[in-house]
Amino acid sequence: MSQRKTKNLAGVVHGIEDFRVEEIPMPRPLPNEVLIEMDCVGICGSDVHYISHGGFGDYKLKDKLVLGHESSGVVVEIGQAVKHLKVGDRVAIEPAIGCRTCRQCKAGRYNLCPEGLYCATTAQGNLCNYYTHAADCCFKLPPNVTMEEGALLEPLAVGVHCCRRGGVGIGSIVLVLGAGPIGLVTMLVAKAMGAAKVCVIDLMDSKLELAKDLGADATLAVGLHDSEEDIVKRIHLLLGSAPDISIECTGAEACVNLGIAATVPGGVLTLVGIGTIYQRIPITTALVREIDIRPAFRYANCYPAALAMIANGSIDARKLITHHYDLKESVQAFKTSRYGLDGAVKVMIHCQPRNKNNF
């Protein structure tokens with residue numbers, strides 16, 4: 001095939017502050033895999049942390065790593081066991097692959113699989129021209145969904161998972177702590193799931209303006225020196241009550257504490273943001289107020305819902321994308337994302353000419 005003669009460029013992190021665009025070998029699909037000509041790859045905060053800190057949480061860089069896991073592409077070759085996809089199909093790529101045999105996988109919680117593979121953490125990522133992936137983790141995009149929207153399904157799946165974990169439903173009063181990409185998609189998903197009111201809080205006015213534009217019912221700009229008690233009062237005033245569900249999307253210790261303080265007694269605090277491993281939180285306060293603390297790690301079985309929300313118009317996440325770069329410009333793309341240059345929210349890298357594969 002002609003693509004075998006094409007160079008396979010990739011964005012590779014070699015160590016802290018050592019990120020390069022370089023050629024990697026052309027992959028070949030296994031029987032249950034497809035070879036994908038990558039189209040769009042969004043930059044995630046975890047990708048940035050590999051460059052700035054050599055990893056995040058328990059995940060540390062051990063060898064050079066191709067970054068990228070928010071992605072879409074076009075199938076150019078199928079393994080002999082693949083039946084549901086064909087060459088030419090446009091797909092969104094779910095980066096989580098469980099072992100399929102362990103206790104967690106059999107229970108449908110493959111995000112907790114101890115042997116699971118995940119792009120750009122426990123396996124190589126897909127910020128490259130060509131990439132192979134398990135076919136059952138590739139979701140065909142309908143004609144009305146763009147390749148950029150396909151790449152956004154990954155953060156949207158995070159929003160679906162944390163809203164499900166928190167129990168968001170019709171009439172829920174929801175607080176979202178943090179207006180970064182994950183906080184914003186969580187707000188979108190919560191509204192699509194029927195939340196009556198969603199308040200988003202952040203330090204930056206520019207991010208909160210985008211939250212308003214995307215449909216937040218209320219926003220609150222907080223300062224580093226504002227007292228927790230004062231912030232809680234302002235949140236309750238904006239929502240008309242204490243939130244039933246608070247979703248913490250920053251990983252910051254102060255925000256975890258604020259979530260416990262702000263949530264209604266008997267309510268739920270969902271932890272999504274990954275911060276420092278050890279934090280000082282008022283666990284006894286959560287106990288006596290019966291605040292359910294429910295961590296939400298990545299997602300499981302959430303891509304179909306995320307895709308449906310995009311395809312049927314329940315969610316329009318395109319405004320999250322603020323910057324576009326070609327694959328060869330990946331070094332600058334990561335600088336833009338890392339430092340929030342020019343109001344960056346979601347930075348999209350194009351491995352093919354933009355809109356090449358849109359209808």
Counting heavy atoms not belonging to H14, are there more than 12 under 6.0 Å from its NE2? yes
D58, CG: over 12 other non-hydrogen atoms inside 6.0 angstrom: no
Sub-4.5 Å side-chain heavy-atom contact between V189 and L156: yes
Looking at CG of L65 and CD of Q124, how far apart are the two atoms once the value is rounded to the nearest 0.5 Å? 5.0 Å
Count I, L, V, M, F, W, Y as connected when their side-chain heavy atoms are under 4.5 Å apart, and connections chain through other members. Are I201 and V232 then in the same cluster? yes
Is any side-chain heavy atom of L35 closer than 4.5 Å to one of V75? no
Side chains of P181 and L320 in contact at under 4.5 Å (non-hydrogen atoms): no
Could you grab the distance from atom CG of L61 to atom NE2 of H53, nearest 0.5 Å is fine? 13.5 Å
Does K328 come within less than 4.0 Å of D326, counting only side-chain N to carboxylate O? no
For the pair S172 (side chain) and V174 (backbone), establish whether a donor and an acceptor sit closer than 3.5 Å, ignoring hydrogens and angles. no
Would you say the side chain of D342 lies within less than 4.5 Å of the side chain of H323, judging by non-hydrogen atoms? yes
I would like to know whether E154 and Y299 meet side chain to side chain donor-acceptor pair (under 3.5 Å); could you show each step before the answer? CA-CA 9 Å; E154 199 279 339; Y299 37 75; 2.8 Å; yes
Between D47 and R338, is the salt bridge (Lys or Arg N to Asp or Glu O under 4.0 Å) condition met? List the steps. CA-CA 9 Å; D47 294 319; R338 178 178 178 179; over 6 Å; no
Taking the six-membered ring of Y118, is NZ or CZ of R298 closer than 6.0 Å to its centre and within 45° of its axis? yes
K64 with D18: basic N within carboxylate O range, under 4.0 Å: no
Kindly indicate, with the supporting measurements, whether the criterion side chain to side chain contact (heavy atoms under 4.5 Å, CB included) is fulfilled by Y110 and N301. CA-CA 9 Å; Y110 54 89; N301 308 300; 3.4 Å; yes
Regarding E248 and S246, do their side chains bring together a donor and an acceptor under 3.5 Å, going by distance alone? no
In Å and rounded to the nearest 0.5 Å, what is the OG to CD1 distance from S72 to I36? 9.5 Å
Distance check, rounded to the nearest 0.5 Å: L141 atom CG versus N358 atom CG? 9.5 Å
Could you walk me through whether S241 and V264 satisfy the side chain to side chain contact (heavy atoms under 4.5 Å, CB included) test, starting with their C-alpha distance in whole Å, then the side-chain angles of each, then the deciding distance to 0.1 Å, before giving a yes or no? CA-CA 8 Å; S241 69; V264 70; over 6 Å; no
Please check this pair: side chain of N8 against backbone of Y130, looking for a donor-acceptor N/O pair closer than 3.5 Å. yes
I'd like to check V74 versus M147 (side-chain heavy atoms, cut-off strictly below 4.5 Å). Are they in contact? yes
Crowding at CD, E228 (>12 non-hydrogen neighbours, <6.0 Å): yes
Heavy-atom count check: over 12 atoms from other residues, nucleotides or ligands less than 6.0 Å from R109 CZ? no
Enter the distance from I245:CD1 to I291:CD1 here, rounded to the nearest 0.5 Å. 11.5 Å
Check whether any side-chain N or O of R90 sits under 3.5 Å from a backbone N or O of K140 as a donor-acceptor pair, and report yes or no. no
Taking NZ, NE, NH1 and NH2 as the nitrogens, is one of them in E33 or R28 under 4.0 Å from a carboxylate oxygen of the other? no
Hey, can you tell me if Y59 and F56 have their rings parallel, tilted or perpendicular (30° and 60° cut-offs)? tilted
In the structure I gave you, are the side-chain heavy atoms of H84 and C138 within less than 4.5 Å of one another anywhere? no
Dump the intermediate steps for side chain to side chain donor-acceptor pair (under 3.5 Å) on Y325 and T336, then the final yes or no. CA-CA 10 Å; Y325 290 91; T336 299; 2.6 Å; yes
Any carboxylate oxygen within less than 4.0 angstrom of a Lys/Arg side-chain nitrogen, looking at K212 and D217? no
Could K86 and D89 be called an ion pair, given the rule that one side-chain N must be under 4.0 Å from one carboxylate O? yes
Donor-acceptor check, side chain of S330 to backbone of A333, threshold 3.5 angstrom: yes or no? no
Does CD belonging to E17 count more than 12 external heavy atoms closer than 6.0 Å? yes
Spell out, as yes or no, whether a donor-acceptor pair under 3.5 Å connects the side chain of K197 to the backbone of L239. yes
State, yes or no, whether a side-chain contact exists between L214 and L188 at a heavy-atom distance under 4.5 Å. yes
For residues C113 and C102, report the shortest heavy-atom separation together with the two atoms involved. SG-SG, 3.8 Å
Do you know which of R354, R318, K356 makes salt bridge (Lys or Arg N to Asp or Glu O under 4.0 Å) with E148? R354
Give, for atom CG of L175 and atom CD1 of I173, the distance between the pair rounded to the nearest 0.5 Å. 11.0 Å
Just by distance, do the side chain of R234 and the backbone of V222 share a donor-acceptor pair under 3.5 Å? no
